[in-house]
There are 2 protein chains.
Amino acid sequence: MPASQSRRERPAKPALTREGIIDTAVKLMEQEGLQRVTMRRLAQALDTGPASLYVYLANTAELHAAILDRLLGRVDLDVTLAGADWRGRLDAVLANYEEVLFAHPALARSALVARPAGGNYLALLETLLALLAEGGVPDLQAAWGVDVLLQTATASAAEHSARREDSNAEQDWNQLRQALAGASPDVHPHVRAQADNLVSGTPAERRRWGIDTLLNGIQATTPQSW
Amino acid sequence: MPASQSRRERPAKPALTREGIIDTAVKLMEQEGLQRVTMRRLAQALDTGPASLYVYLANTAELHAAILDRLLGRVDLDVTLAGADWRGRLDAVLANYEEVLFAHPALARSALVARPAGGNYLALLETLLALLAEGGVPDLQAAWGVDVLLQTATASAAEHSARREDSNAEQDWNQLRQALAGASPDVHPHVRAQADNLVSGTPAERRRWGIDTLLNGIQATTPQSW
DNA sequence: ACCTGAACACCGTTCAAGT
DNA sequence: ACCTGAACACCGTTCAAGT
């Protein structure tokens, strides 16, 4: 019996690869949330020490970016809504993008800062640019527009998913409602008058309006116009 | 000599108060950055143990929220640009808001998730709502609009300041430029064609266009229109 | 009521040494 | 080249005990 087979308590430990590490990281995130995907825990899941991961990943930020790009692969870019025009399809893609991020607030937050540069992000950009082109949006406006569209969708996902996950975020929200409703009509007349409007609408309604607003603005606003 | 004066190596240790703690936290942040404002370091700066802070603050998130509201007090809401219309003034307020957040990327990031409910935030909302009202923007559109305007400004600050602070974020950016420029004309034709446009413009130009785009959209888009 | 020492249960990252 | 044990320098939060 060769020495390599003498101890077989666990399934053969697979060789470390960047892909394999990220696979495990995604699984770990799905089971325990991104906040549990630390270098140490990930190493433990891979049956090694944390130092080993630094052969494949420069730091935690790079790990999170890699996880994000993996997740972006789940966004359905081939939405074929029967009879939907380009706006309807663009809305569907962004809604789906938000849904994917919605499951992982911390990831959405990191997406706002560390732009992914992976293949799946490129594919998402391509789809959005194609839809804007189909809608006759001039090139530069479309290019700058996708940025704002994605930024809004990402921020939205970060906010709403955090509100669901952290009980603190929900408390913050209630505190804000109270502060708005209790605003003095003398000091903050507009806030007071608009207290209800400021918190009205479902997340879906807000998103829908936000995207529509952005699209209307993007179509109407030439960068050189001022 | 009373016992209370027998040891006087350091200036009399001031009694802990929430305000005092946050004062110290803001100073600490200015000197060493938000990432250094931990419960432990803050306690050290206050010449006490970390457990003492939990009498006044429920957790680190609450600490960061309090710091944020303090900083919001520095946004100049009385911009009186000679001859500027409401749009010009709104742009100035948001530019100033971004500047204030720009100095502290981590804070900008937290602002996206934990909405501040303090007095300074209320004052900012009031100013923005007043400017939109002056511009004749219908109430509901104005209420939903300030949200998107602030969200965009916040996300923008978070992104650009992170790029300045983390050398990693700058690397990410360069990687993205490369990925865009190197996109295959067959697989990602729109991305390839728009590679330059996607990264063109200064942050200021982008912000200006973004706000203008948003305002045009907000004015043109009724929530009930679909 | 307010404050705190000490502990619990963790982190990221580096580096010299091994294979 | 790849991998790792061990260490360095930290974290947030709790809780029993003190004043």
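By convention in this document, chain letters (A, B, ...) are assigned in the order of the sequence lines, proteins followed by strands, and residues within each chain are numbered from 1.
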Could you measure the distance from the [atom1] atom of [X] to the [atom2] atom of [Y]? Nearest 0.5 Å is fine.
| X | Y | atom1 | atom2 | result |
| --- | --- | --- | --- | --- |
| B:Leu107 | B:Leu34 | CG | CG | 5.5 Å |
| A:Arg18 | A:Leu53 | CZ | CG | 11.5 Å |
| A:Leu42 | A:Thr48 | CG | OG1 | 10.0 Å |
| A:Gln141 | B:Thr213 | CD | OG1 | 7.5 Å |
| B:His64 | B:Leu57 | NE2 | CG | 10.0 Å |
| B:Leu68 | B:His104 | CG | NE2 | 10.5 Å |

| field | D:dA9 phosphate, OP1 or OP2, under 4.0 Å from B:Arg40 side-chain N/O | value |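 No.
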
| field | A:Ser52 side chain near D:dC2 phosphate (N/O to OP1/OP2, under 4.0 Å) | value | no

Using atom [atom1] of [X] as one end and atom [atom2] of [N] as the other, report the distance to the nearest whole Å.
| X | N | atom1 | atom2 | value |
| --- | --- | --- | --- | --- |
| A:Glu32 | C:dC10 | CD | P | 11 Å |
| B:Leu53 | D:dT13 | CG | P | 11 Å |
| A:Leu57 | D:dC2 | CG | P | 14 Å |
| B:Leu34 | D:dC11 | CG | C1' | 14 Å |
| A:Arg41 | C:dG12 | CZ | P | 10 Å |
| B:Gln35 | C:dG12 | CD | C1' | 14 Å |
| A:Leu16 | D:dA1 | CG | P | 18 Å |
| A:Arg18 | D:dC2 | CZ | C1' | 16 Å |

[N] versus [M] - spacing of their [atom1] atoms, nearest Å:
| N | M | atom1 | answer |
| --- | --- | --- | --- |
| D:dA6 | C:dC11 | C1' | 16 Å |
| C:dC10 | D:dA9 | C1' | 14 Å |
| C:dC2 | D:dC15 | C1' | 15 Å |

| query | Quick one: salt bridge (Lys or Arg N to Asp or Glu O under 4.0 Å) partners of B:Glu99, sequence neighbours excluded? | reply |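 Checked B:Glu99 against salt bridge (Lys or Arg N to Asp or Glu O under 4.0 Å); zero matches.
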
| said: Counting neighbours of CG on A:Asp76 that are heavy atoms of other residues, nucleotides or ligands and sit closer than 6.0 Å, is the number greater than 12? | reply: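 Yes, because the 6.0 Å sphere around CG of A:Asp76 holds more than 12 heavy atoms from other groups.
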
| message | Would you say that more than 12 heavy atoms from the other residues, nucleotides or ligands in this model lie under 6.0 Å from the CD of A:Gln178, or not? | response | no

| field | Check against salt bridge (Lys or Arg N to Asp or Glu O under 4.0 Å), B:Glu30 and B:Arg74 | value | CA-CA 14 Å; B:Glu30 246 131 34; B:Arg74 300 188 184 170; 2.7 Å; yes

| query | Is DNA chain C part of any stem, that is, at least 3 consecutive Watson-Crick or G-U pairs with both distances under 3.5 Å, and where? | reply | C:4-8 with D:12-16, C:12-16 with D:4-8

| request: Check every atom of D:dT13, C:dC11, C:dT13 against the side chain of B:Asn59 and return the nucleotide holding the closest atom. | output: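 Among D:dT13, C:dC11, C:dT13, the one nearest the side chain of B:Asn59 is D:dT13.
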
| Closest-nucleotide 5' rank along DNA chain D - winner of B:Met39 and A:Val55 |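 Closer to the 5' end of DNA chain D: A:Val55.
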
Taking N or O atoms only and anything under 3.5 Å, show me the protein contacts with nucleotides 14-19 of chain C, one pair per line.
none

| query | Reckon B:Arg36 touches a base, only the sugar-phosphate, or nothing at all at heavy-atom distances under 4.0 Å? | reply | nothing

